[in-house]
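Below is one structure, written out as structure tokens; the observations come after it.
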Number of protein chains: 2
Amino acid sequence: MEEQARTNTISLSEKAYQTIRALILGNEFRAGEQILEKVLVERLSISRTPIREACIQLQKEGLIEIRPRRGIYIKPISAADMNEIYDIMSALEAQAAKVLANKISQKKITNKELEKLETPTVNMEKALETKNLKAWAEADEEFHLALLELCGNKRLKEAVLKYWGQVHRVRYFTLELRGQPSDSTDDHRALLDAIRSGNPRKAADIHEHHRQKAKQNLLDIIEKFERITVASPFC
Amino acid sequence: MEEQARTNTISLSEKAYQTIRALILGNEFRAGEQILEKVLVERLSISRTPIREACIQLQKEGLIEIRPRRGIYIKPISAADMNEIYDIMSALEAQAAKVLANKISQKKITNKELEKLETPTVNMEKALETKNLKAWAEADEEFHLALLELCGNKRLKEAVLKYWGQVHRVRYFTLELRGQPSDSTDDHRALLDAIRSGNPRKAADIHEHHRQKAKQNLLDIIEKFERITVASPFC
DNA sequence: ATTTATCTTAATGTATACACTATTGTGACA
DNA sequence: TGTCACAATAGTGTATACATTAAGATAAAT
């Protein structure tokens, strides 16, 4: 078992990256807001170098934009951006479902591993009954993450998580506004069944439709939002 | 028409990024090779700061790996990596084909724009007759790039290009070894027809199969290669 | 009062000095 | 001769000084 030599001292660049990323995902900054390096330097009490290195990473992840000589800006997410991102996630997660269903039919997945999908599905169904929206959202996230893990494609997982991060803000602000997630919960159950029965095509189709519905749902909300307020919180 | 204020002075970080990227894609370094910052500093005649900033970007693109306190390493591509990358490209490009076919049926694409697909298809067919492998590969690349452009999803395009960069080295070394591209050329023609007739499902299926075949072709070559030589040039 | 030119300021971009640590080499001891 | 401890070295990580430039302020001219 290969164990990589890990330094127990985490670099300041890495620490800065994680901290700033958490600040952005935690909606500590407004969409479009400019962030001065100085502010981050003072907030994290480290020098500019690791701050800058962290920001370059965050730019590559699409969370911020660095305009040359102008500074760092929190990237807003428009409806058009949402459309792009959900189409990508649709395709990638459907691919993950397909790969996983194939693994099932080739007996490359144990029952214990499938529980990582079963458990959050059950939790979603429970949360739906008790109308616990937050618990539902967490189980939903857990399900999709487990699917990405189980498919085994690390790059695919990283890619989806990158886009997930980009829409995190929108999902955060729209959680209460989204419709009752009963449909969505049924989708998960159906997807799990398709995967279990080793049907790649069906699994992919279900996931694809699942995400396309979610996309339309969010786009509708954004549209409504933009009609009642000039400056929506996410774009 | 919004024109972004562009400084005609390109930053050294950006210059370093482009230069080092070109060096990697041009196979100036071996897979797995360690590159000292010092070497890049001397080669580009700039200080360490922009070099480091460029390398962070290249790491995010998957072209190099920065091991803490150990240095910069050119990322090798294994068969497993190829498998991951081609599955992702399959899914994303199939999505692009789907979106484009939908645009056709909604009359959102002009004939002039479709020529960006027609021209490289014709060029592939010509190159196939004259057995000009290099011209064929260029037309192939042009076709896939045009598809990404026309689908209109910039993030999708950027994502595919990122993975394209990761497999660039392998494709470079295997161009001669890959089989006759007549099958592949037929795929392009069929894909173009499906897009023209506004059939998203068919277009996506064709592209999906197209990439899956390409994947298997490359994996077979890599396997053969690894049997005759311990150190293949790409992994 | 408005516009334009110039100057000032403050922020980012780059170079470099310093800090820290992984690696390598040397020598003592078994 | 082989192994371990320790020191020397070289390379990466971080802080900071300096360079450059965009944005804002001030003042002059119309």
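In what follows, every chain begins at residue 1, and chains take the letters A, B, ... in the order their sequences are listed.
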- Task: Test for a donor-acceptor pair under 3.5 Å between the base of D/dG13 and the side chain of B/Arg48, counting only N and O atoms.
- Result: yes

- Task: State which of C/dA11, D/dA15, C/dG13 makes the closest approach to the side chain of A/Pro50.
- Result: D/dA15

- Can you tell me how far P of D/dT16 sits from NZ of A/Lys38, to the nearest Å? 15 Å

- Note on the structure: Of the candidates C/dA15, C/dG13, D/dG13, the side chain of B/Leu12 sits closest to C/dA15

- Using whole Å, report how far CD of A/Glu37 lies from P of D/dT14. 16 Å

- Side-chain ion pair, A/Glu37 and A/Arg48, N-O less than 4.0 Å: yes

- Message: Below the 4.0 Å mark, does C/dG13 have OP1 or OP2 next to a side-chain nitrogen or oxygen of B/Thr49?
- Response: no

- Query: Does A/Arg70 make a side-chain N or O approach to OP1 or OP2 of D/dA23 shorter than 4.0 Å?
  - Reply: yes

- Report the distance from atom CZ of B/Arg67 to atom P of D/dG11, rounded to the nearest whole Å. 16 Å

- Could you tell me the separation between the CD atom of B/Gln34 and the C1' atom of C/dT23, rounded to a whole number of Å? 11 Å

- Message: Is it true that B/Gln59 and B/Tyr73 share a donor-acceptor pair across their side chains at a distance under 3.5 Å?
- Response: no

- Evaluate the side-chain contact (heavy atoms from CB on, under 4.5 Å) criterion for residues B/Thr119 and B/Phe143: first the C-alpha distance (whole Å), next the side-chain angles of each, then the deciding distance (0.1 Å), finally the verdict. CA-CA 8 Å; B/Thr119 305; B/Phe143 181 95; over 6 Å; no

- Message: Nearest to the side chain of A/Arg69, heavy atoms from C-beta on, is which of C/dT12, D/dT12, D/dT14?
- Response: C/dT12

- Message: Applying a 4.0 Å non-hydrogen cut-off, can you work out what B/Ile66 is touching in the nucleic acid: base, sugar-phosphate, or nothing?
- Response: nothing

- Message: Salt bridge or not between A/Asp87 and B/Arg155? Use side-chain N to carboxylate O under 4.0 Å.
- Response: no

- Message: From CD1 of B/Ile51 over to P of C/dT16, roughly how many Å is that when rounded to an integer?
- Response: 13 Å

- Answer with base, sugar-phosphate or nothing: what part of the nucleic acid does B/Glu53 contact at a heavy-atom distance below 4.0 Å? nothing

- Query: Separation of B/Ile46 atom CD1 from D/dA19 atom C1', in whole Å?
  - Reply: 15 Å

- Message: By the definition side-chain hydrogen bond (donor to acceptor under 3.5 Å, both in side chains), identify the one residue from B/Gln212, B/Glu208, B/His210, B/Lys215 that meets it with B/Ser90.
- Response: B/Gln212

- Separation of atom CG in A/Leu40 from atom P in C/dT12, rounded to whole Å: 9 Å

- Task: Would you mind reading off the distance between A/Leu44 atom CG and D/dT14 atom C1', rounded to a whole angstrom?
- Result: 14 Å

- Task: Using a cut-off of strictly less than 4.0 Å, decide whether B/Arg52 has a side-chain nitrogen or oxygen near OP1 or OP2 of D/dG13.
- Result: yes

